[in-house]
Amino acid sequence: MIAMGAAACEVVALSSAEIRELVAIGFRGLLNGRQQPALQVFEALSVLRPGETFPLIGRGLAHLASGRVNEALRVLDAALAMQPDDEDARVFLGMALNLANYEHHSRAVLAAVAQDPRDLPVARLARGLCGQLPRQSADDDQGARRAPIPSTT
């Protein structure tokens with residue numbers, strides 16, 4: 001739990017079960033169109049679990065749901081900087097890149113996750129998202145290679 005005072009924030013340890021409940025509350029908020037309260041839950045989780053990527057993923061999804069794609073890209077990129085092998089962060093970054101009209105970059109990020117030989121839910125999600133991307137012609141592909149990845153800083 002986070003107790004807020006007038007000038008400071010005291011962090012109180014929570015159990016894993018309590019953290020999972022907060023994560024569920026945040027995602028329920030997103031599913032019910034309550035992006036701002038969900039974002040606040042995930043921001044609190046970032047304080048409670050600063051070395052974990054799941055609060056950043058939640059924040060990124062809250063920004064996406066609010067139409068703040070560039071902020072979502074920044075937060076999801078920070079999650080990958082923290083844990084480069086986090087496939088959950090990678091698949092949601094791929095989704096955000098697509099929403100930012102960086103289809104080629106999105107496809108590359110999602111394809112890397114989709115090719116995982118294990119049949120994990122994140123790989124199935126990546127394959128589904130790849131299947132929704134428009135097909136590229138050879139000319140489109142060449143142009144996409146020259147397009148810079150958006151700056152997220």
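Source: prediction; values computed, not measured. Each residue takes its place number in the sequence, starting with 1.
Checking side-chain atoms of Ser66 against main-chain N and O of Ala62 turns up a donor-acceptor pair under 3.5 Å.
In this structure, the separation between CG on Leu93 and CG on Leu80 is 5.5 Å, given to the nearest 0.5 Å. Taken from CG in Leu110 to NE2 in His105, the straight-line distance is 13.0 Å, to the nearest 0.5 Å. Interatomic distance, Met95 CE to Ser106 OG, rounded to the nearest 0.5 Å: 9.5 Å.
Residues satisfying the side-chain hydrogen bond (donor to acceptor under 3.5 Å, both in side chains) criterion with Ser16, sequence neighbours excluded, are absent altogether. For Phe92, there are no ring pair (Phe, Tyr, Trp, His ring centres under 6.0 Å) partners two or more places apart in sequence or in a different chain. Shown here are the salt bridge (Lys or Arg N to Asp or Glu O under 4.0 Å) partners of Asp119, two or more places apart in sequence or in another chain: Arg124, Arg127. Residues passing the side-chain hydrogen bond (donor to acceptor under 3.5 Å, both in side chains) test with Gln83, sequence neighbours excluded: none. Remark: Asp116 engages Arg118 in a side-chain hydrogen bond (donor to acceptor under 3.5 Å, both in side chains) (not counting sequence neighbours). Remark: Ala96 pairs with Leu64, Leu73, Leu76 by the side-chain contact (heavy atoms from CB on, under 4.5 Å) rule, at least two apart or across chains.
When all heavy atoms of Val109 and Leu97 are compared, the closest pair comes out as CG2-CD1, 3.9 Å.
Residues Leu129 and Asn98 are not in side-chain contact: their nearest non-hydrogen atoms beyond the backbone lie 4.5 Å or more apart. Between Val75 and Glu71, some side-chain heavy-atom pair lies under the 4.5 Å cut-off.
Applying the ring-ring contact (aromatic ring centres under 6.0 Å, His included) rule to pairs touching residues 113-133 yields nothing, sequence neighbours excluded. Residue pairs that meet the salt bridge (Lys or Arg N to Asp or Glu O under 4.0 Å) test with at least one member in residues 88-98, sequence neighbours left out, do not exist here. For residues 18-61, every residue pair satisfying the ring-ring contact (aromatic ring centres under 6.0 Å, His included) rule, not counting sequence neighbours, is listed here: Phe27-Phe42. Screening residues 46-64 for side chain to side chain donor-acceptor pair (under 3.5 Å), with sequence neighbours left out, gives Ser46-Arg59, Thr53-Asp86, His63-Arg68.
No chain of hydrophobic side-chain contacts below 4.5 Å, direct or via other Ile, Leu, Val, Met, Phe, Trp or Tyr residues, connects Val23 to Leu39.
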For residues 28-38, dump all side-chain donor-acceptor pairs below 3.5 Å to protein atoms at least two apart in sequence or in another chain.
{"from": "Arg28", "atom 1": "NH2", "to": "Glu21", "atom 2": "OE2", "distance (Å)": "3.1"}
{"from": "Asn32", "atom 1": "ND2", "to": "Arg28", "atom 2": "O", "distance (Å)": "2.9"}
{"from": "Gln35", "atom 1": "NE2", "to": "Ala65", "atom 2": "O", "distance (Å)": "3.3"}

